[in-house]
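I have placed the structure first, in the form of structure tokens, so that the comments after it can refer back to it.
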Amino acid sequence: MSPTESFSAEERAAMKERAKELKAQAKAQDLLKDLLAKIAEMPEHDRVIAEAIHRIVTTTAPELTPKTWYGQPAYAKGDQIVCFFQSAAKFGVRYATLGFNEAATLDDGSMWPVAFAIKDLTPADETLIAQLVSKAVG
């Protein structure tokens with residue numbers, strides 16, 4: 001195409017859409033990098049649990065966006081945090097926490113748990129977490 005030719009309105013619109021896509025991909029990569037850096041900073045016991053949670057969530061619900069929330073790993077659907085991990089060391093408590101926010105569709109009757117204390121993870125715990133995450137994203 002010569003410099004004197006111009007792009008059609010459709011071509012310009014497509015290029016703008018592609019630029020938006022690339023910007024969103026770069027942002028998602030930055031969010032993931034920040035989350036992984038926060039996990040890497042954790043003391044070993046919390047880090048092992050956080051790495052397992054990250055693996056479970058990203059495998060079970062790849063549509064969720066990994067990001068940080070209050071400096072801790074979290075996973076969002078759009079702008080809403082669905083679930084998050086809170087390191088025990090962050091607040092000097094005896095257990096880490098896996099929590100689910102209102103965006104999680106865990107509704108079960110008139111009362112249901114939205115946070116779980118985690119001291120260690122067994123294979124059965126990992127299976128339960130995968131089930132909860134799957135249900136949470138609907």
Side-chain angles (χ1 to χ4, degrees):
M1 175 178 289
S2 75
T4 57
E5 294 180 79
S6 64
F7 294 104
S8 69
E10 293 80 11
E11 290 169 324
R12 284 192 302 277
M15 287 185 283
K16 286 180 183 179
E17 286 299 316
R18 182 62 182 143
K20 282 174 46 179
E21 292 166 358
L22 291 171
K23 187 176 181 179
Q25 288 172 357
K27 182 181 177 187
Q29 290 171 352
D30 288 344
L31 293 172
L32 176 60
K33 186 191 288 185
D34 291 346
L35 177 140
L36 294 174
K38 288 298 182 184
I39 290 174
E41 294 171 1
M42 292 178 186
E44 183 179 5
H45 187 260
D46 287 344
R47 185 175 64 250
V48 169
I49 295 171
E51 288 170 346
I53 299 284
H54 178 71
R55 176 182 42 77
I56 294 164
V57 172
T58 57
T59 300
T60 304
E63 66 271 28
L64 295 180
T65 302
K67 61 190 331 181
T68 58
W69 190 56
Y70 294 98
Q72 297 289 286
Y75 303 87
K77 189 174 190 177
D79 290 334
Q80 296 186 326
I81 300 296
V82 173
C83 59
F84 60 92
F85 176 79
Q86 183 175 298
S87 163
K90 176 82 173 179
F91 297 105
V93 295
R94 65 185 178 95
Y95 52 81
T97 305
L98 174 62
F100 292 88
N101 280 352
E102 190 173 328
T105 55
L106 295 177
D107 306 38
D108 185 16
S110 61
M111 187 170 123
W112 57 89
V114 293
F116 298 83
I118 303 173
K119 290 184 80 172
D120 293 298
L121 281 180
T122 67
D125 297 331
E126 291 190 17
T127 299
L128 176 59
I129 291 168
Q131 291 169 347
L132 288 167
V133 170
S134 182
K135 184 175 181 184
V137 296

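- Nearest heavy atom pair, residue A103 against residue I81, reads CB-O, 3.8 Å.
- Annotation: side chain of M42 is not in contact with side chain of V48 (no heavy-atom distance under 4.5 Å).
- I53 and F85 get closest at one heavy-atom pair: CG1-CD1, 4.1 Å.
- Annotation: the span from Q72 atom CD to T68 atom OG1 amounts to 9.0 Å, rounded to 0.5 Å.
- More than 12 non-hydrogen atoms from other residues, nucleotides or ligands lie less than 6.0 angstrom from CG of D107.
- Among all heavy-atom pairs drawn from T60 and A130, the shortest one is CG2-O, 3.4 Å.
- For the pair T58 and P66, the tightest heavy-atom approach, listed with the atom from each and the gap, is CG2-CG, 4.2 Å.
- Judged purely by atom type and a 3.5 angstrom limit, E51 has no side-chain atom pairing as donor or acceptor with the backbone of I39.
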- Item | side-chain contact (heavy atoms from CB on, under 4.5 Å) evaluation trace for H54 with L36 | CA-CA 9 Å; H54 178 71; L36 294 174; 3.9 Å; yes
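- Using a 4.5 Å heavy-atom cutoff, the side chains of K27 and K67 are not in contact.
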- Determine, stepwise, if the pair K119 / I49 fulfils side-chain contact (heavy atoms from CB on, under 4.5 Å). CA-CA 9 Å; K119 290 184 80 172; I49 295 171; over 6 Å; no
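- A donor-acceptor pair under 3.5 Å is formed between the side chain of T105 and the backbone N or O of K135.
- Between E102 and Q80, the closest side-chain pair of non-hydrogen atoms is not below 4.5 Å.
- Side-chain contact check for L35 versus Y75: some heavy-atom pair is nearer than 4.5 Å.
- Taking each heavy atom of D46 and A96 in turn, the nearest pair found is OD1-CB, 4.3 Å.
- Of the residues I129, T97, L132, the one that meets the side chain to side chain contact (heavy atoms under 4.5 Å, CB included) test with F116 is L132.
- Minimum heavy-atom separation, K77 to V82: CB-CG2, 3.7 Å.
- A distance of 8.5 Å separates CZ in R12 from CD in E10, rounded to the nearest 0.5 Å.
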- Message: Between D125 and I118, does the side-chain contact (heavy atoms from CB on, under 4.5 Å) criterion hold? Intermediate values first, please.
- Response: CA-CA 9 Å; D125 297 331; I118 303 173; over 6 Å; no
